[in-house]
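Comments concern the structure below.
Sequence lines set the chain letters: A, B, ... in the order given, protein chains first and strands last, and positions in each chain run from 1.
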Number of protein chains: 2
Amino acid sequence: MTYRLPSLNTLRAFEAAGRHLSFKTAASELGVTAGAVSQQVRKLEDSLGVALFRRLPHGLLLTDKGETYLPAITAVFDDLTEATEAIAPKINSKKFRVGVCASVKRMLPVTWPNHVDTLRNHVRDWVETNDTEMIRKDEIDCLVRSRGGPYGELTLIIIPAPPAGQDLHFVCKPGLADCRQSKAILQDLMQHVARAS
Amino acid sequence: MTYRLPSLNTLRAFEAAGRHLSFKTAASELGVTAGAVSQQVRKLEDSLGVALFRRLPHGLLLTDKGETYLPAITAVFDDLTEATEAIAPKINSKKFRVGVCASVKRMLPVTWPNHVDTLRNHVRDWVETNDTEMIRKDEIDCLVRSRGGPYGELTLIIIPAPPAGQDLHFVCKPGLADCRQSKAILQDLMQHVARAS
DNA sequence: TTTGCAGACTTAGTATTTCTATCCCTCCGC
DNA sequence: GCGGAGGGATAGAAATACTAAGTCTGCAAA
């Protein structure tokens, strides 16, 4: 049977906007502009002939139909993620690509991230960079740098250094700060900050 | 949490090819060329780093991972369809768009398809045409004509006329012949064929 | 053995979709 | 009244999807 379905892209925009009740925040999470999210959601609504959001001056409210649709779509994405991970568990987004600025790079062992298993299980590879745009573009999952900002909608976690040392900035997209990849990386970095001072 | 997922378009190509074990037949069902299906499936495999099919000279076999993934993806599409229909039941593909050639049009009442409820519930609208390409392009769901062919991968149902009359051809995509929309249309057409003779 | 056919693969170009940047609007707080 | 937040609209740029055409392989028929 041929399926007639909304595009996943429109559904992705809807789901993120529905969770955040904000096109702006959803855009930040998805790494696109708010205008793109707005357009995709509008396209979804037009194709369904149903309003999914009520637009307010400073955010969104879900309509009744939106309230019905959101958990179902979230479940669909969860199932899709599970099914995909079942066949490609090592590939799909489970290991972070880490951006590391030059001064942080000098602090790390040359074997990083392969010097301990826990880190190896959460870091896929790293690249030397100081460019936060790479986060927005999904080219890296987080960036570790010694200074900088402002980070806009990106999340900043400060890794405090001892008094004579230099705090580090761990920067990632909203929502990724608490995941186990970030935690493993942060834990490891804290040890290196302590040693570098 | 940001989802990192294959594009629905690649999944759609995979799912259809997996059901048919043929890019060619899947392409026909999806209304694109076999080259497009091949590319999309290849793109999916590359993004996952997993082979989903073994290519044979005259068709496909699913790999073990392909065998695992297919039913899960089919279920995802089913769930997505259900969720979508729950909020937009009257819009989404439930009523057929019917193509009708000129001679068949003359056979039908001017009120067609609105002269009976059953038909009105299954036919969204109709357009005068004799072009089977419109089926492939999803511009119409079926075509009713008095002669023609060959139909390639499209399904042909012949509506037999009494001896002095002209058989009709009901043409649609594979898989749509047995659905209730087609049945309702066929039943109605049989009555008109009988009356026209 | 040779030939023809079916169907998957590849490629370059075309068509379509998605995204961006920019401006506009409304609302709210100061 | 002004500034800021955030959604809306638009035109153009960028990315993706599709097509047409040619290539390759394997199989069946002559």
- Task: Between A:Thr10 and B:Gln39, name the one whose nearest nucleotide on DNA chain C is closer to the 5' end.
- Result: B:Gln39
- Where do A:Val100 and A:Lys105 come nearest, in terms of heavy atoms and distance? CG1-N, 3.4 Å
- Message: Side-chain N or O of A:Asn9 versus OP1/OP2 of C:dC19: is the shortest distance under 4.0 Å?
- Response: yes
- Query: Distance check: side-chain N/O of B:Ser22 vs OP1/OP2 of C:dA8, anything under 4.0 Å?
  - Reply: yes
- Task: Could you tell me which residues satisfy salt bridge (charged side-chain N to carboxylate O under 4.0 Å, His left out) with A:Arg55, sequence neighbours excluded, listed by chain and number?
- Result: A:Glu45
- Message: Could you tell me how far apart B:Leu21 (CG) and C:dA8 (P) are, to the nearest whole angstrom?
- Response: 10 Å
- Task: Send over the distance from B:His20 NE2 to C:dA8 P, rounded to a whole Å.
- Result: 12 Å
- Note on the structure: Note: chain A reaches DNA chain D at heavy-atom distances under 4.0 Å over the stretch, first to last nt, 5' to 3', of D:dG4 to D:dA11
- Note on the structure: Atom NZ of A:Lys24 and atom C1' of C:dT26 are separated, to the nearest Å, by 17 Å
- Message: Would you say B:Arg54 places a side-chain N or O within less than 4.0 Å of OP1 or OP2 belonging to C:dA8?
- Response: no
- Message: What is the separation between atom CD on A:Glu133 and atom C1' on C:dA21, rounded to the nearest whole Å?
- Response: 13 Å
- Expressed in angstrom and rounded to an integer, what is the separation of A:Arg12 atom CZ from C:dT17 atom P? 18 Å
- Query: What does A:Ser38 touch in the nucleic acid at a heavy-atom separation under 4.0 angstrom: a base, only the sugar-phosphate, or nothing?
  - Reply: sugar-phosphate
- Would you check if there is a donor-acceptor pair between the side chains of A:Gln40 and A:Thr10 at a distance under 3.5 Å? no
- Task: Return yes if the base of C:dC27 and the side-chain atoms of A:His58 contain a donor-acceptor N/O pair under 3.5 Å, otherwise no.
- Result: yes
- Which heavy-atom pair separates A:Val98 from A:Ile140 by the least distance, and what is that distance? C-CG2, 4.4 Å
- Hey, does the side chain of A:Thr81 reach the backbone of A:Phe77 with a donor-acceptor pair shorter than 3.5 angstrom? yes
- Does the distance from a Lys or Arg side-chain N to an Asp or Glu carboxylate O, for B:Asp125 and B:Arg97, drop under 4.0 Å? no
- Task: May I ask you to evaluate whether B:Arg55 reaches the phosphate of C:dC9, defined as a side-chain N or O under 4.0 Å from OP1 or OP2?
- Result: yes
- Quick one: sort the A:Phe53 and A:Phe14 rings into parallel, tilted or perpendicular, breaks at 30° and 60°. tilted
